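Notes for the one structure printed next.
Note that the coordinates shown come from a computational prediction; the quantities given were computed from them, not determined experimentally. Throughout, numbering of the chain's residues begins at 1 and tracks the sequence.
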Amino acid sequence: MAIIKWSDAQPAHRAPDALDIIFFEASGTKSFASETARDAFRERWLGRYLRIYPEWVYLAVDDEKRLAGYLLGCLDDPAQSPLFSDIGYFQDLKALTALYPAQLHVNVAPWARGAGAGSQLVEAFAKDAHVSGCPGVHVVTGRGLRNVGFYVRNGFIEQGHVALNGRALVFLGRDLVSGS
């Protein structure tokens, strides 16, 4: 599995359809009230990162040159950035986002799961974020979801939690300075 930056990727790997297939398959949200709602969901969790933070997009490509997964993120503290004001829980977590300002989203195609692509993507992002001077990275996900174990295996530790619309969310942080 090769991890490549978005800017170095072949056009076929950067095609929106290729990313969308993985994105919507991995998403917990499978149905939408309208095409407009679907487009807004995509923009919130995928599109804005591709447009605004392309330098923080990584792709996993297998030996047959197939897109196996992706990671997108940024180093901006989402509680301080107006770009993320549509995600209300960040204000409730601002003490934690100050310590772990970088954020990421990683998704891997079903056929590539368990082969290490997700971990390789996280490590590439964490290494580059550390080199850039970022003190920590975080993810926010639902308590009890399968991805919590993945993040824990990749060095993230539960730092806090918040409720959103009756759902328990966990804030998982990974220190990039001391490695803990």
Side-chain ([X]) to main-chain ([Y]) donor-acceptor, under 3.5 angstrom:
{"X": "N147", "Y": "F150", "result": "no"}
{"X": "D77", "Y": "A79", "result": "yes"}
{"X": "H161", "Y": "L169", "result": "no"}
{"X": "K30", "Y": "F24", "result": "yes"}
{"X": "S27", "Y": "T29", "result": "yes"}

Sequence neighbours left out, what pairs pass side-chain hydrogen bond (donor to acceptor under 3.5 Å, both in side chains) with at least one residue falling in residues 33-42? D20-R42
Ring pair (Phe, Tyr, Trp, His ring centres under 6.0 Å) involving Y53 - partner list, sequence neighbours excluded: none
Distance (rounded to the nearest 0.5 Å) between [X] [atom1] and [Y] [atom2]:
{"X": "L99", "Y": "L176", "atom1": "CG", "atom2": "CG", "answer": "12.0 Å"}
{"X": "L121", "Y": "N154", "atom1": "CG", "atom2": "CG", "answer": "10.0 Å"}
{"X": "L104", "Y": "L72", "atom1": "CG", "atom2": "CG", "answer": "8.5 Å"}

Taking the six-membered ring for Trp, are F41 and F23 parallel (under 30°), tilted (30 to 60°) or perpendicular (over 60°)? tilted
When hydrophobic residues are tied together by side-chain contacts of less than 4.5 Å, even through go-betweens, does L145 share a cluster with V106? no
Note: R174-E123 ion pair, threshold 4.0 Å (strictly below): yes
Just checking F84 against Y89, ring centres under 6.0 Å apart? no
